[in-house]
Enquirer: 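So that we are looking at the same thing, I have put the structure below in structure tokens.
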Amino acid sequence: MFAVFGGFQSRTGALRPAVFKKLLQRDQPARGPSRGRWVSVSNSGETVRPLEGIKVLDLTRVLAGPFATMILGDLGAEVIKVERPGVGDDTRAWGPPFVGSESVYFLSINRNKKSLAVDLKNPRGAQVVRELAGMCDVLVENYLPGKLQEMGLGFDQLGEVNPQLIYCSISGYGQTGPQAQSPGYDSIASAVSGMMHITGPEDGEPVRPGVAMTDLATGLYAHGAIMAALLQLQKTGRGGHIDCNLLSSQVSCLSHIASNYLNAGKEAKRWGTAHESIVPYQGFRTKDGHIVVAAGNDKQFVQVCQVLELIELTQDPNYKSNKLRVKNRKKLLQTLSQRFQQEKTADWLRRFEGSSVPVGPINSIREVFSEPQIQASALQAAVLRGRLAAHSARLHDYTSGASHCFSISAHI
């Protein structure tokens, strides 16, 4: 993905702004009239992606930040990812599996970006970032609060260079508070936020979600806030500082679970695949796998009973309403579970066709990408890695005369 990363050197120099400007403008479509900055039109009149013409300086690593900037890149923004010389983003080593020398984990969250290796601890490296910040619309970083300020790269400092800069900080716990200086990790934030407390089997131990949902949710919040800030910039002509953090993002995603406690004092518990307030609304074991059934109202419950040929349940006074089904869930779910185990998943799916009951199989990842709907949605696409398809530029250090200060390469 990064064509020349292996040859990066730790030495950086102050480069003339004109060199950066030329690089950043490469292959960019012509912008529309003033006030139409966020809508770009190519010279041929073709429609282009919504963020084409927007430049993003990405100082993030691992998952939440790179996920946010990748989405911006997918929408057409030009993203320049700054990494540590010699080693790069931590996730480069998170494998196997690897594609060549790069981890699949890293590749999954860093498409549509260009790479730039800079030693930020070197004053000349910090100057490189300042010059780039002066030419970019958005900067995204996930350093410990105050770290970039020490390097002269904080929001206020870069705001003097570029008053229109949208500066997004992603951290574990926010810019202030007793834990502000603690590093942020998905698993820790998931635990502290209560997410693990409500995830797992009803009678089992807390479970970490199968993917880093806290990191991903934070990345989505950051992406949305940046989009809003771009709109605000249109109105005010000023940039701003966005503060996103893992803990706040995950607590906000507790949704009705948090509301139950705040408004009714009700503590949450684990329910496995089931729903605390709706029955039947969970996964059931079948003869060869699992199926999830979500009967959200009385009509759908009747249809479930019809498909399962358990019509007598619809006449039972204990199951006449959802409130009663929740109250008497144990006996009802035992009856339904026994019936579901008598046939295969595919047979049940066919039986439910034409009903209004939402159902679906619990798929393996292999089965996910064999799903006709997934294939029709074009979620899977082959892409070329940067060293095969992208240009590479070596920049010259005009101060020292050296030509090995750092390298930039495009990748997809």
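Counting begins at 1 with the first residue of the sequence.
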Enquirer: What closest approach, in Å, do Ala295 and Val304 show between heavy atoms, and which atom pair accounts for it?
Expert: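 Result for this residue pair: CB-CG2, 4.1 Å.
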Enquirer: Taking the side chain as everything from C-beta on, heavy atoms only, tell me whether Thr91 gets closer than 4.5 Å to Leu63.
Expert: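 No, too far: nothing below the 4.5 Å cut-off.
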Enquirer: Would you confirm whether Thr335, through its side chain, and Lys331, through its main-chain N or O, come within 3.5 Å as a donor-acceptor pair?
Expert: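 At least one qualifying donor-acceptor pair exists.
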Enquirer: Any donor-acceptor pair under 3.5 Å linking the side chain of Gln181 with the backbone of Pro145?
Expert: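 At least one qualifying donor-acceptor pair exists.
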Enquirer: Quick one: does any side-chain atom of Gln300 pair with a main-chain N or O of Gly296 as donor and acceptor, under 3.5 Å?
Expert: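 Here the side-chain-to-backbone pair exists.
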Enquirer: Measure from NZ or CZ of Arg325 to the centre of the six-membered ring of Tyr319, then state whether that distance is under 6.0 Å and the direction lies within 45° of the axis.
Expert: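 Arg325 over Tyr319 ring: no.
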Enquirer: Please check: side-chain N/O of Ser255 versus main-chain N/O of Ile257, any donor-acceptor pairing under 3.5 Å?
Expert: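 Looks like no, no N/O pair under 3.5 Å.
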Enquirer: Quick one: pull up CG in Leu336 and CZ in Arg329 and give me the separation to the nearest 0.5 Å.
Expert: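 Atom-to-atom, Leu336:CG and Arg329:CZ are 12.0 Å apart.
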Enquirer: Ignoring hydrogens and geometry beyond distance, is a side-chain donor-acceptor pair present between Arg124 and Gln127 at under 3.5 Å?
Expert: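 No, Gln127 and Arg124 have no side-chain donor paired with an acceptor closer than 3.5 Å.
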Enquirer: Any heavy-atom pair between the side chains of Ile226 and Ile242 that's under 4.5 Å?
Expert: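 Result yes, sub-4.5 Å side-chain heavy-atom pair found.
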Enquirer: Does a side-chain heavy-atom distance below 4.5 Å link Thr214 with Leu247?
Expert: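 No - every pair of side-chain heavy atoms lies 4.5 Å or more apart.
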Enquirer: Using modelled atom types and a 3.5 Å cut-off, is there a donor and acceptor pairing between side-chain atoms of Arg61 and backbone atoms of Asp90?
Expert: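 Answer holds: no.
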Enquirer: At their closest point, which heavy atom of Pro209 faces which heavy atom of Met213, and how far apart are they?
Expert: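 The pair with the smallest heavy-atom distance is CB-CG, 4.3 Å.
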Enquirer: Quiz question: by atom type and distance under 3.5 Å, do the side chains of Asp288 and Thr345 form a donor-acceptor pair?
Expert: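 Yes, side-chain donor-acceptor contact under 3.5 Å.
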Enquirer: If you round to the nearest 0.5 Å, how far is CD of Gln234 from CD of Gln164?
Expert: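 So the CD of Gln164 and the CD of Gln234 are separated by 11.0 Å.
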Enquirer: Any idea which heavy atoms bring Val207 and Gly200 closest together, and the distance?
Expert: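 It is CG2-CA, 3.7 Å.
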Enquirer: Report the C-alpha distance between Ser259 and Leu262 in whole Å, list the side-chain angles of each, state the deciding distance to 0.1 Å, and finish with yes or no for side chain to side chain contact (heavy atoms under 4.5 Å, CB included).
Expert: CA-CA 5 Å; Ser259 187; Leu262 293 173; 5.8 Å; no
Enquirer: Are any non-hydrogen side-chain atoms of Ile365 and Asn363 less than 4.5 angstrom apart?
Expert: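 They are not in side-chain contact.
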Enquirer: Is any side-chain heavy atom of Arg130 less than 4.5 Å from a side-chain heavy atom of Leu158?
Expert: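 Yes; the side chains approach each other to less than 4.5 Å.
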Enquirer: Is it true that a side-chain atom of Gln232 and a backbone atom of Ala228 form a donor plus acceptor pair closer than 3.5 Å?
Expert: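 Judged by distance alone, no pair lies under 3.5 Å.
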Enquirer: Measure the spacing between CD1 of Ile80 and CD of Glu83 and express it to the nearest 0.5 Å.
Expert: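 So the CD1 of Ile80 and the CD of Glu83 are separated by 12.5 Å.
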Enquirer: Out of Arg270, His256, Lys266, which residue meets the side chain to side chain donor-acceptor pair (under 3.5 Å) rule with Glu276?
Expert: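 So, applying the side chain to side chain donor-acceptor pair (under 3.5 Å) to Glu276 and each of Arg270, His256, Lys266, only Lys266 qualifies.
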Enquirer: Any side-chain donor-acceptor pair under 3.5 Å between Asp215 and Thr218?
Expert: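 No.
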Enquirer: Do Asn110 and Met70 have side-chain heavy atoms sitting under 4.5 Å apart?
Expert: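 In short, these two side chains do not touch, never coming nearer than 4.5 Å.
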Enquirer: Salt bridge or not between Lys344 and Asp347? Use side-chain N to carboxylate O under 4.0 Å.
Expert: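 No, Lys344 and Asp347 are not salt-bridged.
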Enquirer: Can you give me the closest heavy-atom contact between Phe67 and Gly219, atom names plus distance?
Expert: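 Taking Phe67 first and Gly219 second, the nearest heavy atoms are CD2-CA, 4.2 Å.
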Enquirer: If we ignore angles and hydrogens, is there a donor and acceptor under 3.5 Å between the side chains of Glu141 and Thr60?
Expert: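 No, no side-chain donor-acceptor pair sits under 3.5 Å.
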Enquirer: If the threshold is 4.0 Å, N to carboxylate O, is there a salt bridge linking Lys320 and Asp298?
Expert: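 No, no charged N to carboxylate O under 4.0 Å.
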Enquirer: Is the gap between the ring centers of Phe340 and Trp348 under 6.0 Å?
Expert: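 Distance test on ring centres: under 6.0 Å, yes.
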Enquirer: More than 12 non-hydrogen atoms from neighbouring residues, nucleotides or ligands closer than 6.0 Å to OH on Tyr185, yes or no?
Expert: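 Atom OH in Tyr185 is not crowded, with 12 or fewer foreign heavy atoms closer than 6.0 Å.
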Enquirer: Which atoms form the tightest heavy-atom contact between Gly239 and Leu233, and what is the distance?
Expert: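 Heavy-atom minimum between the residues: N-CD1, 3.9 Å.
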Enquirer: Which distance, rounded to the nearest 0.5 Å, do you find between the CD of Gln341 and the CZ of Phe284?
Expert: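 Reported value, rounded in 0.5 Å steps: 10.5 Å.
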Enquirer: Can Lys269 and Trp271 be said to form a side chain to side chain contact (heavy atoms under 4.5 Å, CB included), step by step?
Expert: CA-CA 7 Å; Lys269 56 174 286 187; Trp271 288 96; 3.4 Å; yes
Enquirer: With rounding to the nearest 0.5 Å, note down the distance linking CD in Gln250 to CG in Leu216.
Expert: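 Those atoms lie 10.5 Å apart.
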Enquirer: Under the side-chain hydrogen bond (donor to acceptor under 3.5 Å, both in side chains) rule, what do Ser356 and Gln303 come out as? Steps first, then yes or no, please.
Expert: CA-CA 8 Å; Ser356 66; Gln303 290 183 311; 2.4 Å; yes
Enquirer: Can a salt bridge be assigned to the pair Arg49 and Asp74 using a cut-off of 4.0 Å between side-chain N and carboxylate O?
Expert: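 No salt bridge links Arg49 with Asp74.
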Enquirer: So, Arg208 versus Ser187: side-chain donor-acceptor pair below 3.5 Å or not?
Expert: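 Per modelled atom types, Arg208 and Ser187 side chains form a pair under 3.5 Å.
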Enquirer: Test your reading of the model: is there a side-chain donor-acceptor pair from Asn322 to the backbone of Val279, 3.5 Å cut-off?
Expert: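 Yes, because the side chain of Asn322 sits within donor-acceptor range (under 3.5 Å) of the backbone of Val279.
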Enquirer: Say you draw a straight line from OH of Tyr143 to CD1 of Ile170; how long is it, rounded to the nearest 0.5 Å?
Expert: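 Rounded to the nearest 0.5 Å, the OH-CD1 separation comes out at 13.0 Å.
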Enquirer: With no hydrogens and no angle check, do the side chains of Lys113 and Thr69 hold a donor and an acceptor under 3.5 Å apart?
Expert: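 Result is yes, a qualifying pair exists.
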Enquirer: Going through the distances and angles, do Tyr221 and Ser252 end up as a side-chain hydrogen bond (donor to acceptor under 3.5 Å, both in side chains)?
Expert: CA-CA 10 Å; Tyr221 271 116; Ser252 72; 2.8 Å; yes
Enquirer: Is the number of heavy atoms from other residues, nucleotides or ligands under 6.0 Å of Glu202 CD greater than 12?
Expert: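 More than 12 within 6.0 Å, yes.
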Enquirer: Given side chains that start at C-beta, do those of Leu139 and Leu165 come closer than 4.5 Å, heavy atoms only?
Expert: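 Touching, per the 4.5 Å side-chain cut-off.
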Enquirer: Say whether, by atom type as modelled, one donor and one acceptor occur between the side chain of Ser370 and the main chain of Arg366 under 3.5 angstrom.
Expert: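 Between the backbone of Arg366 and the side chain of Ser370 there is a qualifying donor-acceptor contact (under 3.5 Å).
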Enquirer: Would you sort out whether Val359 and Val292 count as a side chain to side chain contact (heavy atoms under 4.5 Å, CB included), showing the intermediate values?
Expert: CA-CA 6 Å; Val359 297; Val292 174; over 6 Å; no
Enquirer: List the steps, then state whether side chain to side chain contact (heavy atoms under 4.5 Å, CB included) holds for Lys114 with Lys81.
Expert: CA-CA 6 Å; Lys114 297 177 181 179; Lys81 181 179 176 72; over 6 Å; no
Enquirer: Show the nearest heavy-atom pair for residues Ala217 and Cys253, with the distance to one decimal.
Expert: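 Here Ala217 and Cys253 meet closest at CB-SG, 4.1 Å.
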Enquirer: In the structure I gave you, are the side-chain heavy atoms of Val293 and Val357 within less than 4.5 Å of one another anywhere?
Expert: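 Yes, side chains in contact.
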Enquirer: Less than 3.5 Å apart, any donor N or O on the side chain of Ser190 or Asp186 sitting next to an acceptor on the other?
Expert: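 The criterion, which ignores hydrogens and geometry beyond distance, is not satisfied for Asp186 and Ser190.
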Enquirer: Ring-plane angle category for His241 and Tyr167, please: parallel below 30°, perpendicular beyond 60°, tilted otherwise.
Expert: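 Taking Tyr167 first and then His241, their aromatic rings stand perpendicular (interplane angle over 60°).
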Enquirer: Under the 3.5 angstrom rule, does the side chain of Ser171 hit a backbone N or O of Gly174 as a donor-acceptor pair?
Expert: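 Yes, because the side chain of Ser171 sits within donor-acceptor range (under 3.5 Å) of the backbone of Gly174.
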